[in-house]
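Below you'll find the structure, written out as structure tokens, and then a few comments.
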Amino acid sequence: MFRKSSLLLLIIALATPFLLAAAGDGAWITKVPGKNRQRQNPFDHQSNAIAAGGKLFRQNCASCHGDEGTGRDNHPNLHSDRIRNATPGELEWLLNNGSLKNGMPSWSRLPEQQRWQIVSFLKELAAGN
Ligand code: HEC
């Protein structure tokens, strides 16, 4: 007989991979739509944008990711291959949408221009410059 408890176990078994999607596993990248992925950063490698992005980072991001972006607790280190290899469009999408279930807020309240400045800064950071 199929008891209620076995149904519950089945549901738990099926849901486990989704529940296990954890902060810092990079699963957010798979959610970025193609058209966002391909967007170019209008401020790529521009030193004034990198400086402005660094200031925004210290104001908005350092509390979780650390002053140097090296991460702490379940807040990922941003000096990583994932950030180095991500397209600018992927990073801007993450900033705009966040990864709310895993604790990364959305930064859609910042003007788009500031999100691209932050992306310039992140790329510089991840490149180790
Ligand atoms: C409240 C804490 C918090 C704040 C503030 C925060 N983040 Fe995050 N951030 C997270 C968490 C948690 C993750 C992991 C999300 C995931 O893996 O789904 C994350 C993930 C990221 C990632 C992807 C890292 C990876 O390896 O996948 C980037 C890039 C990032 N944050 C940049 C920023 C920037 C830039 C800011 C400021 C504008 C910021 N974060 C502010 C908590 C935070």
Side-chain angles (χ1 to χ4, degrees):
M1 200 180 96
F2 202 68
R3 297 206 326 268
K4 250 191 198 157
S5 58
S6 27
L7 185 62
L8 191 67
L9 281 178
L10 181 68
I11 290 170
I12 291 171
L14 291 175
T16 301
F18 301 99
L19 296 174
L20 286 181
D25 68 2
W28 62 269
I29 283 207
T30 61
K31 298 182 191 152
V32 184
K35 65 175 185 345
N36 292 77
R37 213 176 281 282
Q38 286 157 22
R39 293 184 71 198
Q40 301 293 319
N41 183 352
F43 307 125
D44 210 16
H45 298 301
Q46 292 180 16
S47 54
N48 52 354
I50 294 167
K55 193 173 170 200
L56 289 163
F57 185 87
R58 285 186 292 279
Q59 287 167 351
N60 299 296
C61 322
S63 57
C64 283
H65 290 286
D67 289 343
E68 311 297 330
T70 48
R72 60 167 74 116
D73 304 331
N74 68 339
H75 306 130
N77 185 342
L78 303 177
H79 302 253
S80 67
D81 285 343
R82 189 179 303 137
I83 305 305
R84 241 185 316 279
N85 296 333
T87 67
E90 285 168 338
L91 293 172
E92 195 277 337
W93 182 92
L94 176 66
L95 294 182
N96 201 16
N97 292 277
S99 179
L100 303 179
K101 273 192 222 147
N102 287 342
M104 165 70 180
S106 153
W107 301 93
S108 59
R109 68 183 164 81
L110 295 179
E112 184 176 335
Q113 186 177 341
Q114 294 191 355
R115 285 196 300 276
W116 288 120
Q117 290 171 336
I118 296 173
V119 170
S120 296
F121 173 77
L122 289 176
K123 278 298 192 183
E124 195 70 8
L125 190 83
N129 298 325

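Sequential numbering from 1 along the given sequence is applied to the chain's residues. Whatever order the structure lists ligands and atoms in, that order sets their numbers, starting from 1.
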Under the 3.5 angstrom rule, does the side chain of [X] hit a backbone N or O of [Y] as a donor-acceptor pair?
X: Asn41; Y: Phe43; result: yes
X: Lys123; Y: Ile83; result: yes
X: His75; Y: Cys61; result: no
X: Arg72; Y: Ser63; result: yes

Looking only at protein heavy atoms, which one is nearest to [atom], and what is the separation?
atom: atom 5 (C) of ligand 1; answer: Asn60 O, 3.4 Å
atom: atom 17 (O) of ligand 1; answer: Gly24 N, 2.5 Å
atom: atom 12 (C) of ligand 1; answer: Asn102 O, 3.1 Å
atom: atom 29 (C) of ligand 1; answer: Ile83 CD1, 3.7 Å
atom: atom 41 (C) of ligand 1; answer: Trp107 CZ2, 3.6 Å
atom: atom 42 (C) of ligand 1; answer: Gly103 O, 3.4 Å

For this session: Hey, could you give me the OG/CD distance between Ser47 and Glu124, rounded to the nearest 0.5 Å?
Result: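 Ser47 OG to Glu124 CD: 9.0 Å, rounded to 0.5 Å.
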
Exercise. How long is the gap from CZ on Arg82 to CG on Asp25, to the nearest 0.5 Å?
Worked result: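 The CZ atom of Arg82 sits 7.0 Å away from the CG atom of Asp25.
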
Exercise. So does Glu68 have more than 12 non-hydrogen atoms from other groups sitting under 6.0 Å from CD?
Worked result: no

For this session: Give the C-alpha distance, both sets of side-chain angles, the deciding distance and a yes or no for side chain to side chain contact (heavy atoms under 4.5 Å, CB included) between Arg58 and Asp67.
Result: CA-CA 6 Å; Arg58 285 186 292 279; Asp67 289 343; 5.6 Å; no

All N/O donor-acceptor pairs, side-chain side in residues 26-34, below 3.5 Å, sequence neighbours left out:
| unit_1 | atom_1 | unit_2 | atom_2 | d |
| --- | --- | --- | --- | --- |
| Thr30 | OG1 | Ala27 | O | 2.6 |

Short N or O distance, [X] and ligand 1, threshold 3.5 Å exclusive:
X: Arg82; result: yes
X: Trp28; result: yes
X: Ser63; result: no

For this session: Using a cut-off of 2.8 Å, count how many protein N, O or S atoms are strictly closer to atom 8 (Fe) of ligand 1.
Result: 2

For this session: Give the intermediate values and the outcome of side chain to side chain contact (heavy atoms under 4.5 Å, CB included) for residues Asn36 and Asn96.
Result: CA-CA 11 Å; Asn36 292 77; Asn96 201 16; over 6 Å; no

Sub-4.0 Å atoms of ligand 1 with respect to non-hydrogen atoms of [X]:
X: Ala23; value: 16 (C), 17 (O)
X: Asn74; value: 12 (C)
X: Leu95; value: 34 (C), 35 (C)

Which donor-acceptor pairs under 3.5 Å do the side chains of residues 84-91 make with protein atoms, sequence neighbours left out?
| unit_1 | atom_1 | unit_2 | atom_2 | d |
| --- | --- | --- | --- | --- |
| Arg84 | NE | Asp81 | OD1 | 3.3 |
| Arg84 | NH1 | Ala126 | O | 2.3 |
| Arg84 | NH2 | Asp81 | OD1 | 2.5 |
| Asn85 | ND2 | Asp81 | O | 3.2 |
| Thr87 | OG1 | Arg37 | O | 2.8 |
| Thr87 | OG1 | Glu90 | N | 3.1 |
| Glu90 | OE1 | Thr87 | N | 2.8 |
| Glu90 | OE2 | Arg37 | NH1 | 2.4 |

For this session: Quick one: which residue pairs count as a ring-ring contact (aromatic ring centres under 6.0 Å, His included) with a foot in residues 103-129, not counting sequence neighbours?
Result: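 Counting only pairs at least two positions apart or across chains, the ring-ring contact (aromatic ring centres under 6.0 Å, His included) contacts touching residues 103-129 are Phe57-Phe121.
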
